[in-house]
Amino acid sequence: MLLGCIGDDFTGSSDLANTLAKEGMRVVQYTGVPDRPADAEVEAGVIALKSRSIAPDKAVKQSLAALDWLRAQDCTQIFFKYCSTFDSTPDGNIGPVAEALAEALDAHRIIVCPAFPGTGRSIYQGHLFVNDVLLNESGMQNHPLTPMTDADIRRWLEPQTSLAVGHVGASAVLQGAEAIGKALDAQHEGGKRLIVVDALRDADLREIGTAAADLPLITGGSGVALGLPANFAAKGLIAGTGTGWRGQQGKCVALSGSCSNATRAQVARHAETHPAFEIDAAAVIGGAVTAETVADWLMQSDGIPLAYSSADPAVVAEVQKRFGREASAEALEGLFAEVARKLVAAGVPKILTAGGETSGAVVEGLGLERLEIGPEIDPGVPALRAGDDLVIALKSGNFGAPDFFAKAAAVLERDA
């Protein structure tokens with residue numbers, strides 16, 4: 001294994017695995033820290049954690065355990081993957097985890113770059129944009145777990161870490177890898193260790209990747225990983241064959257817990273032509289809606305049935321106020337995990353999930369240890385094989401085309 005990756009959620013990890021596979025690396029995604037060595041043919045290993053919204057000390061502990069396993073596989077470079085919308089709070093968890101990894105690796109000149117132009121995320125003058133609006137005006141300010149109320153990544157990161165935060169601006173990035181390297185050196189000489197790097201285009205990300213060839217630690221969204229496989233290929237270290245794929249026939253169902261603007265629009269679009277079951281969080285907490293209720297409905301419905309708890313931010317806020325943020329989130333995640341178990345037990349071979357927490361609950365609920373990377377459905381969302389008779393797609397809340405659910409079902413069915 002050459003490149004070792006640590007993802008703070010399941011959808012983001014599959015997003016990263018997708019990027020690396022498309023660029024020619026043999027990639028496997030693991031659920032949590034494996035208990036045995038990687039297979040010899042794996043060139044990039046992605047350990048998917050569910051550490052984005054847990055206590056910072058727990059996130060650090062899990063991430064360091066993942067680092068230990070990856071180092072034992074002889075990785076020469078570590079990548080810490082977080083969301084392209086920099087999902088975090090003033091307490092963490094991006095800063096604490098990045099700092100812990102930096103200390104463990106004695107890493108400096110640490111790139112911080114959540115940009116992903118393919119999904120509309122860009123960084124300019126240290127500020128994160130979603131398409132043409134600042135992050136804190138994009139709807140992410142209403143996120144139920146990690147409300148992003150400031151688009152300045154430097155300012156958002158500083159309270160999370162004791163490490164000094166620097167910045168490499170677009171003027172250097174647009175000049176290419178050599179200028180980026182010199183700018184990183186200048187920031188390092190100025191005492192900066194975590195360095196936010198602007199990126200507007202995929203070409204910028206590839207140049208950043210080239211500049212990062214000899215760095216032990218890189219952090220960011222999947223976009224900045226675009227340029228990393230080429231570094232290994234230039235040294236003749238990767239085969240460049242990527243991963244094979246075979247489609248899966250049979251019933252497909254969709255589960256959505258994301259409350260992002262994008263997912264709510266996808267849910268509304270899908271409900272126009274396919275059966276849809278709205279899950280009320282209060283009814284779940286009160287026991288009126290159970291996993292058996294939802295699973296039975298999905299099994300009996302035609303088309304690509306969708307069960308969703310995706311709701312308007314005002315509705316989510318009211319539920320959280322009434323029952324508490326953690327209690328309401330745990331109830332829904334537990335429901336989706338149990339629904340997924342019942343579906344698989346009944347022989348459903350294709351499951352789509354929307355939302356990082358929902359996807360994590362489903363993967364953990366099914367006890368999936370290893371995911372093979374298949375073709376891309378939409379930017380950042382690959383098809384995944386979880387077993388001989390089970391394929392899945394894990395979609396970050398903000399990703400995907402308006403017709404994502406129907407499109408994903410079709411991709412999961414096709415051979416590569």
Side-chain angles (χ1 to χ4, degrees), residues 8-12 32 48-63 82-83 85-97 135-136 138-150 156 159-160 255-264 267 277-295 307-342 353-366 394-398:
D8 69 354
D9 84 334
F10 291 84
T11 56
L49 303 176
K50 200 164 179 283
S51 58
R52 179 174 297 173
S53 303
I54 63 177
D57 60 333
K58 293 181 179 178
V60 166
K61 183 178 180 180
Q62 290 183 17
S63 300
Y82 41 76
C83 189
T85 47
F86 211 69
D87 295 17
S88 56
T89 72
D91 295 325
N93 290 337
I94 293 173
V97 171
L135 175 68
N136 58 306
S138 68
M140 280 301 298
Q141 70 271 26
N142 299 316
H143 193 287
L145 298 178
T146 53
M148 300 300 294
T149 56
D150 191 346
W156 193 257
Q160 301 183 31
L255 306 173
S256 176
S258 170
C259 297
S260 71
N261 292 343
T263 296
R264 287 189 290 119
V267 166
F277 183 109
E278 183 173 8
I279 299 170
D280 178 65
V284 174
I285 295 170
V289 172
T290 66
E292 186 173 6
T293 305
V294 178
Y308 68 97
S309 63
S310 308
D312 183 271
V315 175
V316 175
E318 180 59 33
V319 171
Q320 291 181 338
K321 181 180 179 181
R322 182 178 172 188
F323 298 103
R325 188 178 79 172
E326 290 188 4
S328 53
E330 288 176 1
L332 288 172
E333 289 173 27
L335 176 85
F336 282 121
E338 182 61 23
V339 168
R341 284 193 289 268
K342 290 182 178 298
T353 67
E357 300 302 319
T358 303
S359 296
V362 168
V363 170
E364 289 185 335
L366 293 175
L394 310 175
K395 184 188 84 72
S396 174
N398 290 296

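Note that this is a predicted model, so its numbers are computed, not measured.
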Checklist entry - Should V289 and D280 be marked as a side chain to side chain contact (heavy atoms under 4.5 Å, CB included) after you check the CA-CA gap, both sets of side-chain angles, and the distance that decides it? => result CA-CA 8 Å; V289 172; D280 178 65; 5.8 Å; no
Next on the checklist: K395 vs S258, test: side chain to side chain donor-acceptor pair (under 3.5 Å). Steps then yes/no.
Outcome noted: CA-CA 9 Å; K395 184 188 84 72; S258 170; 5.6 Å; no
Next on the checklist: With rounding to the nearest 0.5 angstrom, report the CG to CG distance, L255 to L394.
Outcome noted: 11.0 Å
Checklist entry - Where is the tightest heavy-atom contact between T11 and S359, given as atom of each residue plus distance? => result CG2-OG, 3.2 Å
Item to check | M140 side chain near N398 side chain, heavy-atom distance below 4.5 Å | outcome: yes
Checklist entry - Looking only at heavy atoms, what is the nearest atom pair of F10 and G360, with distance? => result CD1-CA, 3.0 Å
Item to check | Spacing of CD1 belonging to I94 relative to SG belonging to C83, to within rounding of 0.5 Å | outcome: 8.0 Å
Next on the checklist: Between K50 and D9, does the side chain to side chain contact (heavy atoms under 4.5 Å, CB included) criterion hold? Intermediate values first, please.
Outcome noted: CA-CA 5 Å; K50 200 164 179 283; D9 84 334; 5.9 Å; no
Item to check | Taking every non-hydrogen atom, the tightest pair across Q62 and S51 | outcome: OE1-CB, 3.9 Å
Next on the checklist: Let me confirm one number: the CG-CG distance from D312 to N142, rounded to the nearest 0.5 Å.
Outcome noted: 8.5 Å
Item to check | Under 3.5 Å side-chain donor-acceptor pair for D87 and T85 | outcome: yes
Checklist entry - About how many Å separate CG of L135 and CH2 of W156, when rounded to the nearest 0.5 Å? => result 8.5 Å
Checklist entry - Do the side chains of P313 and Q141 get nearer than 4.5 Å, heavy atoms only? => result no
Checklist entry - Roughly how far, to the nearest 0.5 Å, is the CG atom of L49 from the CG atom of N93? => result 11.0 Å
Next on the checklist: So that I can tick it off, tell me whether E338 and K342 are bridged by a salt bridge, with the cut-off set at under 4.0 angstrom between side-chain N and carboxylate O.
Outcome noted: yes
Item to check | Residue pair V316 / P144: nearest heavy atoms and the distance that separates them | outcome: CG1-CB, 3.8 Å
Item to check | Donor on one side chain, acceptor on other, S310 and S256, under 3.5 Å | outcome: yes
Item to check | Closest contact, heavy atoms only, I54 versus A59 | outcome: CD1-N, 3.6 Å
Checklist entry - At what distance, to the nearest 0.5 angstrom, does OG1 of T89 lie from CG of L145? => result 10.5 Å
Checklist entry - Do you know the tightest heavy-atom contact between G397 and S260? => result O-OG, 2.6 Å
